[in-house]
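Contents: one structure, followed by commentary.
Every chain is numbered from 1 and lettered A, B, ... according to where its sequence line falls, protein lines coming before strand lines. Heavy atoms only: backbone and side chains are in, while hydrogens, waters and symmetry mates are out.
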Amino acid sequence: MISLTANNKEPKGLDSRLFKDRLFKVVVFIFAFITISPIVLIIYKLIIKGYKQINLSFFTETAPDTYEAMIALSNNEVIPGGILNGITGTLLMVVLASVMAIPIGLLIGIFLYENSTKRYANIVRDITDILQGVPSIVLGLIAYFWVVKSITNGFSALAGSTALGIMMLPLIIRSTEETLKMIPETIKEAGMALGVPYHKILLRVLIPTGFSGLLTGILLAISRIIGETAPLMLTALGSMGVNYNIEKPTSAVPLLIWEFYNDPNMVDLIWSSSLLLMGFVLLLNLISKHIMAKRA
Amino acid sequence: MNELIKQIKDPVLSIQNLSVSYNKGKYAVSDVSAGIKKNRVTAIMGPSGCGKSTLLRAINRMHDLYPNIETIGQIFLNGEDTSTMSNIMLRRKIGMVFQHPNPFPTMSIYDNVIAGYKLNGIRMKKAERDEIVEKSLKDVVLWDEVKDSLTKKGTFLSGGQQQRLCIARALAFRPDVVLLDEPTSALDPVATKKVEELLIELKKQYTIILVTHNMSQAARISDYSMFMYLGELVEYGKTKNMFINPVDKRTEEYLTGKFS
């Protein structure tokens, strides 16, 4: 009680301490603002420059040739055609890459979780980390030699998705391992104490419990590879028409952006294609954020 | 200590010369022998790190999960050497409840109770399943509270309800012995009281072994008590006798609060 009255006096230098506190808050706020401004500016620019091109034909027609674009430009019209060949190509290769990478990635992730301290698992984990750092163009080169040169004998969607699949692998492996690690040991023990064989605990308890985490990892891996351009140049090459044959050259949205960039008549299409790609990646990120939030 | 085993006639569970080591040569439980009386509550108490949980987990071989733990000695369940049983069969006969309530988070209350059957792929008619769920939940006095929300996730329940759900899950197999590892240490006093009353009720049907950090809990609900210290079973006998007239000096010091 006595100390309460004694403390009533203002401590020395309180004003300057409060000032420092306020200054710090302002600085933190400014830096946070600097962090969000690029993404806001990017989206703003893409919308302003790209919205004109986004109409029905953008999704239903293949890319125009230079001549069509030049005519349209000189008449001050919107460039005809769309990027259907890119959209279908991207979807085809993403699905194919996922089919290759998801099962393998999940299994390796489970293996690492199961044998977290074993020597072999440590080696696998380190190599996974290295794989994550391999430049994507190098993976494209490898896919070129593995698939283009020896399997499909020519540029192909299969080669492109092989490169993309290898890029997805480390992301899925690590997110699987991390997700399973987050599940409390007692859940596993509860299953053991009921006399449940281990593989059933894994399949029926651990994987359902971590399902949202696994799904998030997969979605983020897809959003990581969907905009990859470099490895596709060496593997899928690109095509003028819509292609569903995995052994044939195939276009993709990022490949089309690169082609549009190299053609002065098609500059407008760069922006709309980028807007579409960006929107898709944002959507995937938002979905995974939502899943994570629901889990917590 | 061997005389004490003889005291207990027809033990449902008989532990003989059991030692458990985490590191080679270092024993967390050393040379413990004891018989467990059927349809009684046996409490294992002792200070932290005395090996009481380690002893409990050796009974249903939970240590098999961790490769560097070594267990020596024998345990007989109804006269049968448990080392000849598979882990799966043994754990169906000896249920376990953990310190923190751990219902399966993705499963409904109903599925949690029946989980032992479901995960083991034992097929039953729906009527049979319903009966097991109802009986198990009634055993743990949870039926009236959850009978209208059986399809809800088990994690929606309060901590005390979750722990009773976990007990129901362990009871669903009608085990011979139920092991409880400090089941109330994560619960509030009201929930603790409910679980304690439940255990007294359950001993009519089951044999219960309870690890507890809490002396007064052991005094309240157990019929037999073990006192462990530094991995050794110091004293084992009827709870009443032990609390009134402990034989060993260390037991006396522990019970009088000289150390804890």
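- The number of heavy atoms from other shown groups lying within 6.0 Å of NZ (K135(B)) is above 12.
- In this structure the side chain of P184(A) never reaches within 4.5 angstrom of the side chain of N102(B), judged on heavy atoms.
- Here the side chains of L119(B) and V205(A) are in contact, with some heavy-atom distance below 4.5 Å.
- Within 6.0 Å of atom CD in E131(B), 12 or fewer heavy atoms from other residues, nucleotides or ligands are found, so the atom counts as exposed in its surroundings.
- Looking at M107(B), the atoms closer than 4.5 Å to chain A (heavy atoms on both sides) all sit in the side chain, from C-beta outward.
- Interface remark: R61(B) contributes no atoms to any contact with chain A (heavy atom separation under 4.5 Å).
- In this structure, chain A has a heavy atom under 4.5 Å from the backbone of P103(B), while its side chain stays farther away.
- The distance from atom CG of N68(B) to atom OG1 of T117(A), rounded to the nearest 0.5 Å, is 8.5 Å.
- Counting heavy-atom neighbours within 6.0 Å of K200(A) NZ, excluding the residue itself, gives a total above 12.
- Surrounding OH of Y22(B) are more than 12 heavy atoms belonging to other residues, nucleotides or ligands, all under 6.0 Å away.
- Residue F156(B) places its CZ atom among 12 or fewer non-hydrogen atoms of other residues, nucleotides or ligands, all under 6.0 Å distant.
- In plain terms, the two heavy atoms of T209(A) and P105(B) that are nearest each other are CG2-CG, 3.4 Å.
- Atom CG of residue N60(B) and atom CE of residue M192(A) lie 10.5 Å apart, to the nearest 0.5 angstrom.
- Between atom CD1 of residue I207(A) and atom OG1 of residue T106(B) there is a gap of 11.5 Å, rounded to the nearest 0.5 Å.
- Contacts of K93(B) with chain A are absent, with no heavy-atom separation under 4.5 Å from either backbone or side chain.
- Looking at N120(B) and P197(A), their side chains come closer than 4.5 Å, going by heavy atoms from C-beta outward.
- Summarising the geometry, atom CG belonging to L206(A) is positioned 9.0 Å from atom CZ belonging to F104(B); distances are rounded to the nearest 0.5 Å.
- Nearest heavy-atom pair, F98(B) versus A190(A), reported as atom, atom and distance to 0.1 Å: CE1-CA, 3.7 Å.
- Of all non-hydrogen atoms in M62(B) and E189(A), the two that sit nearest each other are CE-O, 3.4 Å.
- Only the backbone of I94(B) has a heavy atom closer than 4.5 Å to any heavy atom of chain A.
- A 6.0 Å sphere centred on OH of Y244(A) holds no more than 12 heavy atoms belonging to other residues, nucleotides or ligands.
- Within 6.0 Å of CH2 on W143(B) lie more than 12 heavy atoms contributed by other residues, nucleotides or ligands.
- Taking CG from L194(A) and CE from M96(B), the interatomic distance works out to 11.5 Å, rounded to the nearest 0.5 Å.
- Sparse packing is recorded around CZ of F280(A), with 12 or fewer heavy atoms of other residues, nucleotides or ligands lying under 6.0 Å away.
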